[in-house]
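What you are looking at is a predicted structure, and each value in this text was computed from that prediction instead of being measured. The basis for the numbers below is simple: all heavy atoms, side chains too, and nothing from hydrogens, waters or symmetry mates. Remember, it's 1-based here, ligands and their atoms both numbered in the order they're listed.
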Amino acid sequence: MTICMPALDTSVLVRRDRIIVALQRIVPGGVLTDPVTLRAYECDAFTAYRQLPMIVVLPETTAQVSAILRYCEEAKVKVVPRGSGTSLSGGALPLGDAVLLGMAKFNRILSVDYELGTAVVQPGVTNLAVTRAVEGKGFYYAPDPSSQIACSIGGNVAENSGGVHCLKYGLTTNNVLGVELVLMNGAVVRLGGNELESRGLDLLGVVVGSEGLLGVVTEVTVRILRTPAVVRALLIGFASVEQAGQCVAEVIAAGIIPAGMEMMDQPAVHAAEAFVHAGYPLDVKALLIVEVDGPQAECEHLIAEIKAIAAKNSAACVYISNSETERLKFWAGRKAAFPAVGDMAPDYLCMDGTIPRRCLPQVLHRIGELSTRYGLRVVNVFHAGDGNLHPLILYDASQPGELDRAEEFGSDILRLCVEVGGVLTGEHGVGIEKRDLMPVMFNEIDLAHQQRVKCAFDPSLLLNPGKVFPQLHRCAELGRVHVHGGKVPHPELPRF
Ligand SMILES: Cc1cc2nc3c(=O)[nH]c(=O)nc-3n(C[C@H](O)[C@H](O)[C@H](O)COP(=O)(O)OP(=O)(O)OC[C@H]3O[C@@H](n4cnc5c(N)ncnc54)[C@H](O)[C@@H]3O)c2cc1C
């Protein structure tokens, strides 16, 4: 384990029994304490890191969440919020001296307003359940993480999650209109509302993507959209990654915003084909799936333009879906790519970084070189349209040192993303996975300013500590932090 978490606070551990009694009073029947049950919560989808929580509590109402947080703040007990536990960056990793606040029982869709195009949902509702609830009336919820069958809307808000269709329809932040948020002191606040215009400071924008560090989301108002009249997909193969990358850049430069534009490299194509037999061409070095949606005439026009751009970039093959079954078959391989890669090695790390689109060929080439240097295979599946890479690094955790090597390889990929003008994360968040790389992108002043926002919401630093910030300064220190020669003042102070 190379990522250090905050040291256990023994002054909390000795009070565990008292804390359990207090929580049971707030949520009768909703407090889990025995080690076997707690095991189910020991990690999220960043499974390389595991840690039993001290206690799990499963509230059902906002009033209970408020009472739990107020109690924990008074008793100086840390709290880790959790949705469905599918975070790939360790955002929901429990702490041994913290309460894990599971939001799974907040699983109701409260209301839908088809005239306004909004739905009010509880945070434990799964992403796909929102679309399922409104599709009968010809609506859907646009952000579609591949984990949508399991991940919760609360987790989506905390991670500002994306998906294939976010190229055209925006990430979670563009599709959330308001939230109810409980602060660490128990205060219940509402940010945003049910319309795009926000009154006052856009604190909703601050909370979306805040990774459970600012408050606990207990209700979310999302935008729902009319299902497009026509949806069609193109499958385009190329003899080189460079050609595919250039095609992506030229489609966007032509003013076309496809509903989705995904790329898979040859190892990913082979893995997916072996897994679901989607009919992918196996001789291409890169495969693009480009989806267009809208009225029939618009789709036909866009398909013709994209075909012409593909031809100009020497596409080796172009297939266009002529039925819904065919379109879904094109997507089947892409959607199964992650589990398919799971068949190639005992373990893999799924990286997430974003780069300017024009750097795609250069970055993929450098990732190939790093793969040789580290002696670990890598498979690339990614949201090409928005430059969001997901290199999957294959390794075997049972081999001594391989996890460390895989993590170092992953760090180099993220450093490379920043070096070419990109960012450390596209949609999976920082969590613990990228926490120690934050200084690659932000200097001490940037980080101190970000932490001031944290202090404004959670001055006792009790909510999800150990995540996102490489060093968590005491709030009182901020404003006086002067870094000389790279040395942080008062190094003797515990920073978490
Ligand atoms: C196979 C697979 C595919 C994936 N594909 C994608 C993808 O395409 N796009 C993408 O963006 N992500 C993807 N993910 C990552 C993950 O599904 C998302 O980050 C998702 O939003 C996490 O939701 P969750 O409910 O599982 O949250 P958790 O994992 O439980 O928590 C994630 C973070 O949210 C916080 N949190 C959870 N609920 C609340 C709440 N109510 N209030 C405040 N904070 C809260 C937690 O503290 C934590 O920091 C994928 C994951 C897997 C395993």
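For atom 1 (C) of ligand 1, the nearest protein heavy atom (residue, atom name, distance) is F338 CD2, 4.5 Å. The single protein non-hydrogen atom nearest to atom 31 (O) of ligand 1 is A92 CB, 3.7 Å, given as residue, atom name and distance. In this structure, atom 44 (N) of ligand 1 lies nearest to the protein heavy atom G212 CA, 3.5 Å. The nearest protein atom to atom 25 (O) of ligand 1, hydrogens excluded, is given as S152 OG, 2.6 Å; this is a heavy-atom distance. When only non-hydrogen protein atoms are considered, atom 33 (C) of ligand 1 lies nearest to E159 OE2, 3.3 Å. Of all protein heavy atoms, the one closest to atom 12 (N) of ligand 1 is H428 CD2, 3.5 Å. Summary of contacts: the protein heavy atom closest to atom 9 (N) of ligand 1 is G162 O, 2.9 Å. Among all protein heavy atoms, the one lying closest to atom 29 (O) of ligand 1 is S87 N, 2.8 Å.
When heavy-atom distances to ligand 1 are checked against a 4.0 Å cut-off, A45 comes that close only through its side chain, counted from C-beta outward. If you look at M103 next to ligand 1, the close heavy atoms, those under 4.0 Å, all belong to the side chain. By the criterion of a heavy-atom distance under 4.0 Å, the side chain of N464, and not its backbone, is placed next to ligand 1.
Salt bridge annotation for E211-K467: absent, with no cationic side-chain nitrogen under 4.0 angstrom from a carboxylate oxygen. Between R405 and E402, at least one side-chain N (NZ, or NE/NH1/NH2) sits under 4.0 Å from a carboxylate O, which counts as a salt bridge. At a threshold of 4.0 Å, the pair K168-E291 does not count as salt-bridged, since none of the basic side-chain nitrogens sits closer than that to a carboxylate oxygen.
Nearest to atom 27 (O) of ligand 1 by heavy atom, out of C43, G155, S146, is G155.
The N/O atoms of D144, backbone and side chain alike, include none that comes under 3.5 Å of an N/O atom in ligand 1. By the 3.5 Å distance cut-off applied to N or O atoms, P81 is counted among the residues near ligand 1. Below 3.5 Å of separation, one finds an N or O of S147 facing an N or O of ligand 1. Between D44 and ligand 1, not a single N/O pair is under 3.5 Å apart. Here's the thing with V80: none of its N/O atoms is less than 3.5 angstrom from an N/O atom of ligand 1. Below 3.5 Å of separation, one finds an N or O of G85 facing an N or O of ligand 1. Inclusion of V217 in the set of residues having an N or O under 3.5 Å from an N or O of ligand 1 is warranted.
Of all atoms in ligand 1, numbered sequentially from 1 with element shown, those under 4.0 Å from a heavy atom of G83 are 25 (O), 28 (P), 30 (O), 37 (C), 38 (N). Near G215, meaning under 4.0 Å from any of its heavy atoms, are these atoms of ligand 1: 43 (C). If you number the atoms of ligand 1 from 1 as listed, the ones under 4.0 Å from a heavy atom of S84 come out as 24 (P), 25 (O), 26 (O), 27 (O), 30 (O). For ligand 1, the atoms sitting less than 4.0 Å from at least one non-hydrogen atom of R82 are 30 (O), 37 (C), 38 (N), numbered in the order shown with element in parentheses. Here is the list of ligand 1 atoms found below 4.0 Å of a heavy atom in S161: 11 (O), 18 (C), 19 (O), 20 (C), 21 (O). Close contacts between ligand 1 and N156 involve ligand atoms 20 (C), 21 (O) [criterion: under 4.0 Å to a heavy atom]. Each of the atoms 34 (O), 35 (C), 36 (N), 44 (N), 45 (C) of ligand 1 lies under 4.0 Å from some heavy atom of A158. For ligand 1, the atoms lying closer than 4.0 Å to a non-hydrogen atom of G91 are 47 (O), 48 (C), 49 (O).
A 6.0 Å sphere centred on NZ of K329 holds no more than 12 heavy atoms belonging to other residues, nucleotides or ligands. Heavy-atom contacts from other residues, nucleotides or ligands closer than 6.0 Å to CZ of R415 number more than 12. No more than 12 heavy atoms of other residues, nucleotides or ligands shown are found within 6.0 angstrom of CD1 on I149.
Note that the CZ atom of F382 and the CG atom of D352 stand 13.0 Å from one another [nearest 0.5 Å]. In this structure, the separation between CG on L461 and CE on M184 is 10.5 Å, given to the nearest 0.5 Å. Taking CD1 of I3 as the start and CZ of R435 as the end, the distance is 6.5 Å to the nearest 0.5 Å.
Side chain of N174 to main chain of L171: a donor-acceptor pair is present (N/O by atom type, distance under 3.5 Å, no hydrogens or angles). A donor-acceptor pair under 3.5 Å links the side-chain atoms of T172 to the main chain of S161, judged by distance alone. In this structure, the side chain of S371 engages the main chain of L376 through a donor-acceptor pair within 3.5 Å. A side-chain donor-acceptor contact under 3.5 Å links R232 to the backbone of S321. Looking at T173, its side chain never comes within 3.5 Å of a backbone N or O of N160 through a donor-acceptor pair.
Contact analysis puts L88 in contact with ligand 1, with a non-hydrogen atom separation below 4.0 angstrom.
The aromatic rings of H428 and H390 lie parallel to each other, their planes meeting at an angle below 30°, with 60° marking the opposite boundary.
Just one of V290, I289, I306 meets the side-chain contact (heavy atoms from CB on, under 4.5 Å) condition when paired with M261; it is V290.
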